[in-house]
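Here the structure is laid out as C-alpha cells; the discussion comes afterwards.
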Protein chains: 2
Amino acid sequence: MKKESTNWRSNCPINFALETLGDKWTLLIIRDLMFKGKTSFGEFLQSQEKISTNILSARLAKLEEHGLIGKSVAIDKRSKVFYSLTSKGKDLLPIMLEITAWSAKHDSATNTPKSFLKQFAASKKDMIAMMSNEQ
Amino acid sequence: MKKESTNWRSNCPINFALETLGDKWTLLIIRDLMFKGKTSFGEFLQSQEKISTNILSARLAKLEEHGLIGKSVAIDKRSKVFYSLTSKGKDLLPIMLEITAWSAKHDSATNTPKSFLKQFAASKKDMIAMMSNEQ
DNA sequence: CTGTATCCTTAGGGATACTG
DNA sequence: CAGTATCCCTAAGGATACAG
C-alpha cells in the first residue's frame with residue numbers, strides 16, 4: 001500500500017541489499033529454503049537458531065513484500081502453507097555460496113563439508129556460464 | 001580477554017558470517033575500506049548513510065576484534081589513525097561483488113555502472129584462478 | 001581528529017498464550 | 001498447523017557534548 005521508494009539511506013547497492021537482508025534472521029530463512037529443503041512455518045521454527053514465532057512471521061512478511069519469497073496454500077492438505085523462493089530469491093545463490101566459502105575458510109568450527117570447497121570452483125564456472133547466457 | 005568461542009547460535013557457515021556481518025552498518029564500513037578508499041574515522045562518518053560516532057566506534061572495535069580490519073597510527077601526522085582490511089577482510093571481496101551484482105540486477109535505483117556487470121564475469125574468472133592457486 | 005560518554009528513543013527479539 | 005497478539009526486556013541507534 002505505502003510504497004515510497006525513497007526510504008533508503010542511500011543508492012549504494014551494498015546498502016540496498018542490507019535494507020532487505022541486513023539482520024540476524026533473514027538470511028537464515030533463505031538458507032533453510034535454499035539448502036535445507038524447508039518450506040513451512042513449522043520447519044523454519046525447528047532450525048537450530050530458534051527463531052520465535054512473531055519474528056519469523058515478520059521476516060516472512062517482509063521477504064514476501066520484497067519479492068524474495070512466494071506463498072502458496074495447499075487445498076488438499078488442511079491449511080498447509082508452503083513458502084518458496086522466487087527467481088529474485090534464487091538469485092541470492094552466488095552470495096550464499098560465497099558466504100559459505102568465506103566462513104568455511106575462516107571459521108574452524110563451521111561444519112562445512114570438505115567436498116564443498118572442491119566443488120565450489122566448478123559451481124562458479126556454472127554460474128558464469130549461466131550469467132553469460134542471459135546477458 | 002573473554003574468548004568463549006561458543007557464543008554462537010549454531011555452527012552453520014551462514015550463521016557464522018551473520019554473527020560478524022549481520023547488522024546494518026558493518027558491511028558499509030567494509031565497502032568504504034574496500035571500494036571507496038576510506039581509511040579514517042572521519043571519512044567513515046562522512047558517508048551518505050550517516051553513522052553516528054558511538055556506533056562507528058563500536059563497529060570498528062568489533063571488526064578489529066574479529067580480525068577483519070587492522071589499525072595503525074601515523075606518528076608523523078598528529079594523531080591520525082588509519083584502518084585497513086586484513087587478508088580475512090579482503091577475502092570478503094567475492095561476497096561484496098556478488099551482493100553488488102544482485103542489487104544491480106534487482107534494484108533500478110541502484111547506481112551501479114553498466115560496465116560493472118560486463119567486467120564482473122572477468123573478475124569471477126580471476127577469483128577462480130586465485131582460489132585454485134591457493135588450494 | 002579520534003574517539004568516549006551520556007541521554008533518550010525505537011527496533012529487535014524472547015516467551016508464551018491464544019485463535020482460525 | 002500457521003500464524004497473531006501481548007508483555008517485557010535488551011540491544012541498536014540517533015543526537016550531541018566533550019575529552020585526549
Side-chain angles (χ1 to χ4, degrees), chain A residues 2 7-10 12 14-15 18-30 32-33 36-66 69-84, chain B residues 2 4 7-10 14-15 18-30 32-33 36-66 69-84:
Chain A
K2 38 179 176 182
N7 228 353
W8 312 323
R9 296 178 295 182
S10 72
C12 166
I14 299 294
N15 184 65
L18 250 19
E19 300 280 344
T20 305
L21 310 168
D23 71 275
K24 295 272 186 185
W25 293 108
T26 300
L27 237 43
L28 296 178
I29 299 173
I30 301 287
D32 284 352
L33 280 162
K36 308 274 186 179
K38 301 189 178 185
T39 59
S40 68
F41 196 89
E43 286 172 324
F44 297 138
L45 279 182
Q46 288 161 33
S47 289
Q48 284 183 68
E49 295 88 3
K50 290 296 157 204
I51 191 171
S52 56
T53 58
N54 52 348
I55 304 296
L56 176 57
S57 185
R59 290 297 171 277
L60 288 171
K62 192 178 172 189
L63 279 169
E64 196 181 0
E65 180 191 339
H66 288 9
I69 66 173
K71 190 176 180 174
S72 61
V73 182
I75 36 178
D76 51 322
K77 305 269 178 182
R78 62 259 172 186
S79 70
K80 178 90 173 168
V81 179
F82 296 98
Y83 293 93
S84 59
Chain B
K2 39 179 176 182
E4 58 266 21
N7 228 353
W8 312 323
R9 296 177 294 183
S10 72
I14 299 293
N15 183 64
L18 250 19
E19 300 280 344
T20 305
L21 310 167
D23 70 275
K24 295 273 186 184
W25 292 109
T26 301
L27 238 42
L28 296 179
I29 298 173
I30 301 287
D32 285 352
L33 281 162
K36 307 275 185 177
K38 301 188 178 184
T39 59
S40 70
F41 196 89
E43 286 172 324
F44 298 138
L45 279 183
Q46 289 160 33
S47 290
Q48 285 183 67
E49 296 88 4
K50 291 294 156 204
I51 191 171
S52 57
T53 57
N54 53 347
I55 304 296
L56 175 57
S57 186
R59 290 297 170 278
L60 288 170
K62 192 177 171 190
L63 280 168
E64 196 181 0
E65 179 191 339
H66 287 9
I69 66 173
K71 190 176 180 174
S72 61
V73 182
I75 35 179
D76 52 322
K77 305 270 178 181
R78 62 258 173 184
S79 69
K80 179 89 174 167
V81 180
F82 295 97
Y83 293 94
S84 60

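In what follows, every chain begins at residue 1, and chains take the letters A, B, ... in the order their sequences are listed.
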Next on the checklist: Short of 4.0 Å, heavy atom to strand atom, which residues of residues 47-57 of chain B count as contacting DNA chain D?
Outcome noted: Ser52(B), Thr53(B), Asn54(B), Ile55(B)

So do the side chains of [X] and [Y] get within less than 4.5 Å of each other, counting heavy atoms only?
X	Y	value
Phe44(A)	Leu28(A)	no
Leu56(A)	Phe41(A)	yes
Thr20(A)	Thr26(A)	no
Glu49(A)	Asn15(B)	yes

Output the rounded distance in Å from [atom1] ([X]) to [atom2] ([N]).
X	N	atom1	atom2	result
Lys80(B)	dG20(D)	NZ	C1'	17 Å
Leu18(B)	dG13(C)	CG	P	10 Å
Leu60(A)	dC1(D)	CG	P	16 Å
Lys62(B)	dG3(C)	NZ	P	18 Å
Ile69(A)	dA2(D)	CD1	P	13 Å
Leu45(B)	dG14(D)	CG	C1'	13 Å
Asp23(B)	dG13(D)	CG	P	6 Å
Leu63(A)	dG3(D)	CG	C1'	16 Å

Next on the checklist: On DNA chain D, does the nearest nucleotide to Ser40(A) precede the nearest nucleotide to Lys24(A) from the 5' side, or the other way round? Give the residue.
Outcome noted: Ser40(A)

Checklist entry - For the side chain of Phe41(A), counting heavy atoms from C-beta on, which of dG13(C), dG3(C), dG3(D) is nearest? => result dG3(D)

Checklist outcome for this item: Among dA2(D), dC1(C), dG13(D), the one nearest any side-chain atom of Trp25(B) is dG13(D)

Item to check | Phosphate-side-chain proximity, Arg59(B) and dA12(D), N/O vs OP1/OP2 below 4.0 Å | outcome: no

Item to check | Nearest heavy atoms of Lys24(A) and Leu18(B), plus distance in Å | outcome: NZ-O, 3.3 Å

Checklist entry - Is Tyr83(A) touching bases, backbone alone, or none of the nucleic acid, heavy atoms closer than 4.0 Å? => result sugar-phosphate

Next on the checklist: Working note: Val81(A) + Lys71(A), criterion side chain to side chain contact (heavy atoms under 4.5 Å, CB included); need CA distance, chi angles, decisive distance, verdict.
Outcome noted: CA-CA 7 Å; Val81(A) 179; Lys71(A) 190 176 180 174; 3.7 Å; yes

Item to check | Check: Ser47(A)/Lys38(A) side-chain N/O donor and acceptor closer than 3.5 Å | outcome: yes

